[in-house]
Structure formats: structure tokens, C-alpha cells
Amino acid sequence: MPTGGEPLDRYALAMLELLAKEAPAEHFEELVRQAAADGAGEDALAQVVAAKNRSLEVRQLFARRQQREAGLSALVDTARDLTHPYNLDTLLTVITRRARLLMGLDMSWVSLHGDDGASHVRAADGHASAITVGFRVPIGGGVGRQAQQRSAPFWTPDYLADDSFVHSEAIDHVVRSEGLRAIMAVPLRHEHSTLGVLYVADRDIRHFLPNEISLMTSLADLAAVAIERTRLLERTRTEVAALAGDVSQAQDSSATARRLHSIHRGLIDLALGGGELSVLVERAALELGGALLVRDTVGKDLASTEGFPAVFSGRDATRVDPGPGGDPADTVIDRICLDSQAAGGPVRYDDGVDGVLSACPVTGGAESLGTLVLGGGMPPSEEQEQLLGLVAQAVAVQLLMQRSTAVAEGQVRDELLHDLLHVSQLPPGQLAARGRRLAVDLGAPHVIVVVRPEGGSQSRANAWASSYAHRLSGLKYVDGGHIVLLLPGADPAGAARAVQRELSVVLGHPVTGGAAGPAHAPDEVRHVYREAQRCLDALTVLDGIGSTASPRELGFLGLLLSEKQDVTRFVGSAIGPVLDYDHQQSTELLRTLESYFASGSSPTRAAELLHVHPNTVSRRLERITDLLGPAWQEPAQALEVQLALRLHRTRHLLADGDGGVVRP
């Protein structure tokens with residue numbers, strides 16, 4: 001009779017095997033029946049039942065994780081699908097189809113607000129008879145009205161039987177005709193406006209789970225970005241067509257006008273086709289007959305052709321004599337970009353000796369996106385100046401396309417970094433696979449940068465961070481007022497300085513940042529994040545607002561803050577050159593350092609301790625200064641040197657156990 005521990009262990013092991021095989025629930029019930037048939041006592045059978053219940057809970061947890069993983073994977077595919085250059089009607093058809101398949105429901109439809117304030121159904125998927133394209137959605141009731149008022153998803157398990165919201169007879173008639181029961185409405189929000197509402201519905205009573213609501217919210221965010229981008233592209237096409245008509249009319253259908261229109265159309269098509277900015281710039285440079293540079297609003301070069309900026313008679317054109325009282329760090333390109341942005345139109349630089357630069361602002365609506373700079377030996381012709389403006393329009397479309405792609409995938413990328421930072425139970429293999437789908441290799445070295453803007457618009461900072469992370473094939477996550485960036489590389493200090501430099505310009509306010517790393521696997525990211533967060537906290541306590549630091553830069557504080565407490569690295573950074581010199585030259589600089597500090601920084605007393613002449617100590621101290629730098633006796637660095645000496649001696653004493661003198 002299975003009353004002892006061994007038989008119970010046998011049933012527990014059998015349940016673990018069923019979990020490993022992902023067996024159906026009835027197999028667990030069969031084990032309980034088998035234990036009863038084997039004559040298990042009441043207490044033993046109760047323990048088997050408890051093990052069965054716990055196993056089924058674990059099985060359900062695995063199932064929920066797999067479902068969540070499948071949903072996130074589908075959302076990634078959807079994000080990529082929505083970045084294609086559809087027209088608006090085709091895009092809405094794709095959105096409704098994706099929504100229905102993502103949720104596994106019977107129907108989905110989307111309504112958009114018109115210029116007259118009314119909302120009409122623009123696309124529907126699934127068997128539909130009453131809900132047709134063009135149906136005017138009443139604004140007086142329904143789940144859509146609730147979603148828009150709350151700016152959040154609203155759902156009901158049984159629409160017609162639910163009295164918790166205001167109904168509309170017209171909507172009730174449609175729901176009754178379609179035989180719908182469960183309905184969810186999610187507002188399509190872009191920045192501070194609502195574009196419309198996305199609906200999903202089922203013909204059975206259904207309670208939507210939190211992960212399903214979150215999935216629909218993410219899809220709606222992606223859809224809103226894609227809709228706004230598509231509208232912008234359609235407006236651009238309209239403006240291009242109008243511009244082509246104006247040019248053709250003004251030039252009386254001249255060959256020049258036709259050529260400009262043909263080039264412009266080709267560049268716009270290239271941008272809409274999803275090509276790289278570098279390809280667009282190379283094509284435009286050939287048409288313009290000069291070297292091109294695209295620079296963003298913070299002075300970062302986004303793309304350039306060969307020979308730029310050194311296009312002025314072989315001389316580097318990035319520098320210019322600033323003149324009396326000028327800033328020697330000024331550059332020709334910096335100056336002409338600023339002049340172009342200030343003028344809101346083309347400007348030209350010509351020193352009469354080396355050549356000509358022409359700059360044109362790149363704008364999307366009222367927003368400045370950067371500057372397009374043309375370099376050449378001769379002043380541009382009237383045709384080239386016209387074409388430069390048309391190329392700037394194509395570059396603007398390309399940059400907006402890239403931004404839309406980054407924002408469209410942003411929700412999914414944020415979700416991955418959130419799980420890397422906060423969810424420890426997820427298998428590293430699953431996280432690595434999710435990273436690969438987003439073109440992020442989590443097996444390669446990555447650093448963590450945690451920055452805190454000290455002013456400016458938080459939404460602007462978040463938008464910049466999404467674009468920056470996407471550009472560097474990294475990840476971004478916003479945690480309260482902090483922005484967390486996972487970036488490829490092995491230099492946390494350099495990454496933090498680059499982020500601080502660019503973001504502070506974007507915001508016009510200081511930025512404080514902590515960094516750590518690198519992490520070489522998904523399960524190391526959380527530890528590195530904690531180190532970076534502690535570095536940021538240390539800067540705050542030390543009144544280091546507006547600066548950046550990593551554990552290595554913080555010296556012994558970094559050693560204390562570090563998760564791994566890398567003593568070897570700290571000792572090497574503080575006294576490594578001295579250790580190397582002693583080892584290579586068979587000298588005693590290390591003993592001299594120890595005696596020097598032990599004697600209260602007195603060369604004479606150190607000479608007595610070492611039994612050498614004071615001049616010998618002086619020469620050794622001069623050599624130490626050559627190795628460690630002239631500031632090694634300043635209080636801050638001297639403290640680190642002394643701490644490194646103690647750590648080095650203690651480590652060797654523990655390793656040798658002889659209490660002897662430590663030599664390199």
C-alpha cells in the first residue's frame with residue numbers, strides 16, 4: 001500500500017515527467033485514479049491530489065506564457081506588416097484582419113473620425129452584414145464612446161445584456177443583427193488626439209483576460225502610428241502632384257520641369273519603398289552632381305556620400321577661421337546648418353577660394369528634421385537649387401518613414417527590455433529568440449545606460465530614446481522618470497557620454513546618467529541594470545547632476561556599487577602600471593608606495609623603512625609619477641591607490657597564507 005515516502009515520490013516524479021512532456025490534463029487525473037487503485041491511504045491520496053493540483057497550476061502557467069509569447073511574436077509580425085507603404089484603405093483592411101486573427105475572434109472593424117466630427121466604419125473583417133464600410137457610428141452610446149471618454153480599452157462580455165454603459169439603439173440593432181455578444185473597443189490615439197476606434201467582437205459570451213487587453217492596446221498604438229504615417233504620405237503624394245503641376249505650368253512643360261518632376265518622383269518612390277537613407281542620398285548626389293550630407297537637428301551625421309565634407313580642393317571643409325572673437329570650435333558645416341534652419345530656406349557658403357556649400361532645411365510639416373548640405377567646386381545652378389529643395393522633401397519622407405518604423409516596433413521592443421529587467425522566470429532562450437526577431441543579438445556584449453533628464457519634455461525624451469535605440473539596434477524602456485537603454489558595445493562610460501551629449505541637446509537641459517556592463521547573456525542584463533541604477537543614485541548623492549559615471553569611473557565607490565565587485569579590475573585601474581613595471585623591470589616600486597603611505601607620505605621616513613637612501617626613494621617616486629600621472633598624490637586618487645594597495649596585499653596574503661612581503 002503506497003503510504004510511505006517512496007511511492008509518493010514515484011507519483012510526484014511521474015507528474016514532473018508529464019509536465020516535461022506537456023501532457024494533457026486528463027493524464028494527471030489518471031495518476032490520481034491509479035494511486036487510489038493501488039490502495040493509497042487517505043492522507044497519501046490527499047497528497048497525490050495536492051501534487052496534481054499544483055502540477056496543473058504549473059501547466060497553466062506554462063500555457064499562459066506560451067500564449068503570451070505567441071501573442072508578442074504575432075505583434076512583432078504585425079508591427080513590421082504595418083510599416084509597409086499601403087494606402088489608407090488597404091492599411092485599415094490589414095489592421096482589422098490582424099486584430100481578428102491576433103485575438104482569435106469572429107469579427108473586427110475600425111471606425112475613423114471625419115473632418116465633420118462624425119465617425120464612420122472604414123474597414124471590417126469577418127462575416128459582416130450590418131456592419132458595412134460607411135456605417136455611421138452614433139456618438140451617443142456604445143462601447144466605442146466609453147473607450148474614447150476613458151482613453152482606454154473598454155469591453156463587455158455580453159453587450160446586449162450589459163447595462164453598465166449607455167446604449168444606442170442603432171448600435172444595438174447592428175449587434176443584434178450580427179449575433180454578437182462580447183465586444184472590446186480600443187481608442188486609436190496619436191499624441192494628444194483620437195483618430196478613431198478599433199473593435200473586436202465574438203458571438204459567444206467571453207471575458208477578456210488582462211494580457212489580451214494589453215495585446216489589443218499595443219496593436220491599437222501601432223495602428224494609430226501607421227494610420228497617421230499613411231495620411232502623411234498621402235498628403236505628401238498630393239503635394240508632389242500639385243508641385244509637379246505648378247512646375248509644369250510655370251515652365252510651360254519645359255524639359256527642365258519634366259526632368260525635375262521625374263527625379264523627384266523617383267526619389268519619393270525610393271523613400272516610400274522602404275530603402276536605406278544612404279541609398280537615397282547616393283542617388284540624389286548623382287542627380288545633383290555633387291557630394292551630399294544629411295545632418296540631424298543635434299549635429300549628428302545621418303548619411304553622406306564619398307568625398308564629403310572634404311570637397312574643397314582637397315582641404316577639410318569642416319573648419320573655418322572663426323574671425324575676431326569667434327569660437328575656434330565652429331565649423332563651416334555647423335554654421336551653414338544653423339543658418340539654414342534659422343532662415344527656414346536654402347543658404348550658401350562661398351569663401352571665394354575653396355568652393356561652395358549649399359544647405360537646405362529638411363522639414364516634416366512644422367517640425368525640423370535636419371539639414372541637407374550640398375558640396376561642390378562651383379556655385380549651384382538655378383536647376384540644382386530647385387532640385388536640392390526637392391531632394392530635401394524626399395529626405396524628410398525617408399526620415400519620417402524610419403521614425404514610424406521605430407515607433408511601430410517600439411511597444412514590442414519596450415516589452416522585451418521590461419522582461420529582461422524585471423521578469424526573472426523567463427528562460428534565457430526565449431528572450432534571446434525574441435531579441436533575434438527584433439534584430440537584437442542578446443548574446444553579444446551590451447551595456448546598460450540609465451539616464452534622468454533634469455528638465456524638458458518627457459515625451460520628447462522618450463521619442464528620442466526610441467529612435468536612438470532603434471538606430472543602434474538596441475532596446476529602450478521608460479521606468480518612471482528614467483530612460484533605460486540597452487545598447488550594443490563594451491564601453492559603458494562611452495555609451496553614457498554619447499547618450500548624455502545628444503539627449504541634452506534635444507531637451508535643452510542637463511541629463512544625468514549611470515552606466516554599467518557589458519552583459520553577455522540575457523540573464524546578465526538585470527544585474528548590469530542594477531549597477532547602472534546604483535551609479536545614477538551615487539551621482540545624485542554626490543551632487544553630480546548633469547554628469548555620467550560607470551562603476552570604473554567611480555573608483556572604489558564603483559567597486560562597492562558593483563554587483564560582481566571586480567577587485568582585479570579596480571586594482572589594475574589604480575596601480576596596474578606600477579605592478580606591470582615591477583614585474584618587467586624587477587624593481588620595488590610597489591614596496592616603495594606602501595612604505596611611502598605608511599610613513600605619512602614622507603620620503604625620508606620611507607627610506608628608513610626600506611633601508612635605502614632618500615634619493616633612491618625620490619627617484620622611485622618620480623618613476624611612479626610617470627606611471628600613474630601627476631595627480632596620484634591628490635587626495636581622491638591617493639585614497640584609491642592606498643585602497644588598491646591594501647586589496648592587492650590582502651588578496652596575495654589570502655592566496656599564499658605565508659604573511660610574507662607582497663611582490664608583484
Side-chain angles (χ1 to χ4, degrees), residues 1-77 101-105 155 157 182 184 202 204-216 218 412 415-438 442-443 519-527 529-530 563:
M1 183 176 297
T3 57
E6 183 178 347
L8 290 177
D9 292 343
R10 176 164 59 88
Y11 288 115
L13 179 60
M15 290 185 182
L16 289 176
E17 291 176 350
L18 291 177
L19 281 175
K21 296 177 181 178
E22 299 183 355
E26 53 266 23
H27 288 194
F28 294 86
E29 299 289 352
E30 180 62 30
L31 274 180
V32 176
R33 289 193 291 269
Q34 182 179 341
D38 290 344
E42 183 176 348
D43 292 342
L45 188 60
Q47 294 183 47
V48 174
V49 171
K52 182 263 299 184
N53 293 335
R54 184 56 58 88
S55 298
L56 290 179
E57 291 175 2
V58 174
R59 183 177 177 276
Q60 291 176 355
L61 177 62
F62 287 164
R64 287 196 297 270
R65 285 182 177 172
Q66 290 175 352
Q67 183 181 12
R68 182 168 176 266
E69 177 72 17
L72 289 173
S73 177
L75 196 61
V76 171
D77 294 337
L101 296 178
L102 194 64
M103 299 295 292
L105 301 178
W155 62 275
M184 183 195 302
D202 202 61
D204 295 321
I205 296 177
R206 177 188 178 119
H207 292 267
F208 293 99
L209 300 176
N211 65 305
E212 294 177 321
I213 298 172
S214 175
L215 202 60
M216 277 299 298
S218 298
V412 182
E415 184 81 18
L416 173 57
L417 185 51
H418 171 272
D419 290 349
L420 286 168
L421 298 180
H422 300 296
V423 183
S424 60
Q425 298 90 344
L426 292 177
Q430 289 186 15
L431 294 170
R434 286 167 60 184
R436 285 192 294 271
R437 286 195 290 271
L438 294 170
L442 294 176
H520 296 85
D523 53 357
E524 296 179 10
V525 173
R526 285 196 309 133
H527 305 296
Y529 167 63
R530 287 198 290 265
E563 188 92 2

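Since the model is a prediction, treat every value here as computed from it, not as a measurement.
In this structure, CG in Leu421 is found 12.0 Å from NE2 in His527, a value given to the nearest 0.5 Å.
Here the shortest heavy-atom pairing between Leu416 and Arg434 reads CA-NH2, 3.4 Å. Residues Met15 and Leu31 come closest through the heavy atom pair CG-CD1, 3.4 Å. Counting all heavy atoms, side chain and backbone alike, Met184 lies closest to Met103 at CE-CE, 4.4 Å. Counting all heavy atoms, side chain and backbone alike, Leu420 lies closest to Arg526 at O-CG, 2.6 Å. Nearest heavy atom pair, residue Tyr529 against residue His422, reads CE2-CE1, 4.5 Å.
Scored by the side-chain hydrogen bond (donor to acceptor under 3.5 Å, both in side chains) test, Gln34 finds no partners at all (sequence neighbours excluded). For Glu29, the side-chain hydrogen bond (donor to acceptor under 3.5 Å, both in side chains) criterion is met by Lys52, not counting sequence neighbours. Legend: residues meeting ring-ring contact (aromatic ring centres under 6.0 Å, His included) with Phe208, ordered by chain and number and at least two apart, are Trp155. Shown here are the side-chain contact (heavy atoms from CB on, under 4.5 Å) partners of Ala521, two or more places apart in sequence or in another chain: Asp523, Glu524. Listed by chain and number, the residues in a side-chain contact (heavy atoms from CB on, under 4.5 Å) with Ala36 are Leu45 (sequence neighbours excluded).
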Original post:
salt bridge (charged side-chain N to carboxylate O under 4.0 Å, His left out) between Glu212 and Arg206: does it pass, once the steps are laid out?
Top reply: CA-CA 12 Å; Glu212 294 177 321; Arg206 177 188 178 119; 2.4 Å; yes
